[in-house]
Peer 1: 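I have a structure here, written as structure tokens, and I will follow up with some questions on it.
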Amino acid sequence: MTRASVPEAAFLIASLLFIFGLKRLSSPRTARSGNTLAAIGMALALGGTFLLPGMGHFGWILLAIVIGALPGWLLARRVKMTAMPQMVSLFNGMGGACALFISLGEWLGKPSGGRELGRAFPMLLGVVFGSVSFTGSLVAFGKLQGLITEKPLRWPLQKTGNALLLAVILASSAAAPSSQNEIWILLPAAAALLLGVAQVLPIGGADMPVVISVLNSCTGLAAAVTGFAMHNMSMIIAGTLVGAAGSFLTVLMCKAMNRSLAKVIFGSFGLAPKEASAAAQGDLSMREIAASECAVMMGYARKVIIIPGYGLAVAQGQHLVHDLDEALEKRGVEVKYAIHPVAGRMPGHMNVLLAEADVPYPKLLDMEEINPEFDQADVALIIGANDVVNPAARTDAASPIYGMPILNADKAKNVIVIKRGRGAGFAGIENGLFYNPKTRMLFGDAKKALQELVTEVKAL
Ligand code: NDP
């Protein structure tokens, strides 16, 4: 093997590791090793880059790696599960910035003669997609982190402004390849940076996870085209994988929420107030229940279906759910879990949460599998879930979640809901299920309520 072919071999092995790693991410059982494989692939790709002919300035490169890796490692270790979407958004933004700066650096470092269209075109795409992804992801991060209002921000002539920015990007990109003037590459970069902000600010916080996934595919695309410009195979493959994965995720999330991508990008989900108004339910009131009564209902049931939601993740009550499950099974109660595809704040959130507490994976059933079983369940125990069990999605055509497939908790013989108070879910709307005559509310933080339930069931 010649010296020049060593980096190529490293890139090839890295690309294979990315593909196998991604494949293993498809199941919680193999996800950890998949992540490790992909990380080894990334280390190989980095190592291979050091060996590329003409490489130098190793001190600076190492310094940049330390500056990037240290905060990344610290943040990843400390981040709470519930803050994962904004962390993904931040990292995605960094990916976009990388594509922007690599393409820009490549462009500015070459005299115009070296910019034949075959290379100029991917560089321009890298600059534009990288810029949109960079600033768009930072705004999404700000919204989810509470640094920017979650409400959709609107201003006059917004769409016209965005169309103008797009026109600037197209016109200056067309002029860039044949010009010596650097303004023609800086102009689309600046317009695309602005477009990222202008496009994400008007979208409500509730739709941020979908937006992040769209921006994720944008970053993937930016990395892939930058790979074309640099003739770097592993960048092309890694970028394509990220782009394709982001696109699939976007489609799946939109499907699970029954919202078109256009509605997410141009709609107004999340405009409703966060605190639901009881007035919407007329004179109906919620009926409270004590933990001891819940324990009797569940302890003497034949079948209990547990519905975990965002509140369970916030309360970090997953280990207690498993304890409750075991206590009930000891009494001969059949316990299953109903997993809605968008329960929580990121795809697979509930699966990851419950896997962390060693809940056996076969007990977690997807919506399509579990929905036909609700009418045989004696109790549906809803823990910190709201939108994913809201019957308005089936019946109220005016509701922002109308059409979203939901878990049929209302079909169970009895429904118990654990939540702290009357707070609305992510969509900010009232939930009629909480006023249903067969529903009982066990008010309190999910962890505390579950602790009481476990004690009471064990004492039966
Ligand atoms: P929701 O956000 O609808 O409801 C969560 C409920 O948990 C709230 O009503 C809140 O009520 C309660 N809660 C909060 N903290 C606690 C706590 N410490 N203890 C007990 N209860 C608590 O959650 P769902 O999981 O039902 O729905 C997810 C929502 O997120 C959907 O609207 C979905 O479309 C959206 N979404 C999800 C994505 C995903 O990928 N998973 C992506 C995009 C959007 P209270 O304040 O009264 O306690």
Side-chain angles (χ1 to χ4, degrees), residues 80-82 84-86 88-89 140 143-144 150 203-214 216 246 249-259 261 263-264 267 269-270 272-276 278 286 288 306-318 320-321 337-354 367 380-393 399-407 409 416-431 433-434 441-453:
K80 281 192 186 157
M81 200 66 201
T82 45
M84 210 51 135
Q86 50 263 53
V88 170
S89 182
K143 286 205 172 218
L144 289 175
E150 270 194 26
I203 303 175
D207 279 329
M208 275 312 119
V210 184
V211 171
I212 292 169
S213 139
V214 174
N216 198 231
L249 193 58
T250 309
V251 171
L252 289 174
M253 279 162 91
C254 286
K255 230 171 121 187
M257 295 159 86
N258 195 35
R259 291 162 57 68
L261 187 58
K263 260 191 179 169
V264 171
F269 204 53
K274 279 276 155 198
E275 193 68 30
M286 297 183 186
E288 276 192 57
I306 297 177
I307 302 172
Y310 173 66
L312 177 69
V314 177
Q316 286 292 294
Q318 62 274 27
L320 287 162
V321 173
Y337 296 79
I339 309 296
H340 192 281
V342 292
R345 289 295 180 269
M346 59 179 182
H349 199 165
M350 296 301 117
N351 302 65
V352 176
L353 192 74
L354 295 170
M367 183 166 60
L381 175 65
I382 300 172
I383 313 172
N386 191 337
D387 296 343
V388 299
V389 289
N390 192 338
S399 168
I401 60 165
Y402 182 66
M404 171 170 119
I406 55 158
L407 292 166
I416 298 173
V417 180
I418 299 180
K419 70 201 291 286
R420 295 164 307 174
R422 287 158 189 268
F426 211 39
I429 51 168
E430 191 62 79
N431 190 338
L433 177 64
F434 302 156
M441 307 297 291
L442 178 56
F443 286 120
D445 174 76
K447 195 170 187 175
K448 196 169 154 282
L450 281 165
Q451 182 65 70
E452 283 171 17
L453 272 182

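First listed ligand is number 1; within each ligand, the first listed atom is number 1. Note that this is a predicted model, so its numbers are computed, not measured.
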Peer 1: Mind listing the closest non-hydrogen atom pair of S399 and I429 along with its distance?
Peer 2: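 For S399 versus I429, the nearest heavy atoms are OG-CD1, 3.6 Å.
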Peer 1: Should M286 and F443 count as side-chain neighbours, where that means a heavy-atom distance under 4.5 Å?
Peer 2: yes
Peer 1: With a 4.0 Å cut-off on heavy atoms, does D445 reach ligand 1?
Peer 2: yes
Peer 1: So, do M253 and P209 sit near enough that their side-chain heavy atoms are less than 4.5 Å apart?
Peer 2: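 They are in side-chain contact.
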Peer 1: So if I count the atoms of ligand 1 from 1 in the order they appear, which ones are less than 4.0 Å from some heavy atom of G309?
Peer 2: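 Atoms satisfying the 4.0 Å criterion: 25 (O).
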Peer 1: Tell me which part of H349 gets within contact of ligand 1: side chain, backbone, both or neither, using heavy atoms under 4.0 Å.
Peer 2: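 Neither part.
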Peer 1: Which option out of S213, A393, P209 puts a heavy atom nearest to atom 43 (C) of ligand 1?
Peer 2: P209
Peer 1: Under 3.5 Å between some N or O of ligand 1 and some N or O of A343?
Peer 2: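 Such a contact does occur with ligand 1.
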Peer 1: I'd like to check whether A446 has a polar contact with ligand 1, where a contact means an N/O of the residue lying under 3.5 Å from an N/O of the ligand.
Peer 2: yes
Peer 1: Counting from 1, what ligand 1 atoms have a heavy atom of A385 closer than 4.0 Å?
Peer 2: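 Every atom of ligand 1 under 4.0 Å from some heavy atom of A385: 26 (O).
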Peer 1: Looking only at N/O atoms, are V342 and ligand 1 under 3.5 Å apart anywhere?
Peer 2: yes
Peer 1: Where the side chain of H340 meets the backbone of P405, is there a donor-acceptor pair that is under 3.5 Å apart?
Peer 2: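 Confirmed, H340 side chain pairs with P405 backbone.
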Peer 1: Going by distance only, is there an N or O of G384 that falls short of 3.5 Å from an N or O of ligand 1?
Peer 2: yes
Peer 1: Are any of the N/O atoms in M404 less than 3.5 Å from those in ligand 1?
Peer 2: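 No - when backbone and side-chain N and O of M404 are compared with those of ligand 1, no distance drops under 3.5 Å.
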Peer 1: Could you check whether any side-chain heavy atom of Q318 comes within less than 4.5 Å of a side-chain heavy atom of Q316, counting everything from C-beta outward?
Peer 2: yes
Peer 1: Any nitrogen or oxygen of G421 lying under 3.5 Å from a nitrogen or oxygen in ligand 1? Just yes or no.
Peer 2: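 Checking ligand 1 against G421, an N or O pair does fall under 3.5 Å apart.
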Peer 1: Quick check: does any side chain N or O of S213 sit under 3.5 Å from a backbone N or O of G246, one acting as donor and the other as acceptor?
Peer 2: yes
Peer 1: Got a donor-acceptor contact below 3.5 angstrom from the K448 side chain to the E452 backbone?
Peer 2: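 No; judged by distance alone, with no hydrogens or angles, the pair does not exist.
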Peer 1: Flag A427 as yes when one of its N or O atoms lies below 3.5 Å from any N or O atom of ligand 1, and as no otherwise.
Peer 2: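 A427 vs ligand 1: no N/O contact under 3.5 Å.
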Peer 1: Go through the structure and list residues passing side chain to side chain contact (heavy atoms under 4.5 Å, CB included) with L261, not counting sequence neighbours.
Peer 2: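 So L261 forms a side chain to side chain contact (heavy atoms under 4.5 Å, CB included) with V210, V214, T250, C254, I265.
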Peer 1: Provide the number and element of each atom of ligand 1 under 4.0 Å from a heavy atom of M253.
Peer 2: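 Counting atoms of ligand 1 from 1, those under 4.0 Å from M253 are 40 (O), 42 (C).
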Peer 1: Check side-chain hydrogen bond (donor to acceptor under 3.5 Å, both in side chains) between D445 and all other residues, then give those that pass, not counting sequence neighbours.
Peer 2: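 side-chain hydrogen bond (donor to acceptor under 3.5 Å, both in side chains) check on D445 returns nothing, list empty.
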Peer 1: Given P85, G425, A424, G311, identify the one with the heavy atom nearest to atom 1 (P) of ligand 1.
Peer 2: G425
Peer 1: If you count the atoms of ligand 1 from 1 in the order shown, which ones are under 4.0 Å from a heavy atom of V388?
Peer 2: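 Numbered from 1, ligand 1 contributes 26 (O), 27 (O).
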Peer 1: Judging by distance only, is a nitrogen or oxygen of G423 under 3.5 angstrom from one on ligand 1?
Peer 2: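 Such a contact does occur with ligand 1.
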Peer 1: Which atoms from ligand 1 have a heavy atom of F426 less than 4.0 Å away?
Peer 2: 1 (P), 2 (O), 3 (O), 29 (C), 30 (O), 32 (O), 35 (C)
Peer 1: Of all heavy-atom pairs between L433 and A409, which one has the smallest distance, and what is that distance?
Peer 2: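 Residues L433 and A409, closest heavy atoms: CD2-CB, 4.2 Å.
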Peer 1: Has ligand 1 got any nitrogen or oxygen that is less than 3.5 angstrom from a nitrogen or oxygen of G344?
Peer 2: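 For ligand 1, there is an N or O atom that lies under 3.5 Å from one belonging to G344.
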Peer 1: For F426, is the NZ or CZ atom of R345 found under 6.0 angstrom from the centre of its six-membered ring and inside 45 degrees of the ring axis?
Peer 2: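 Cation-pi check for R345 and F426: passes.
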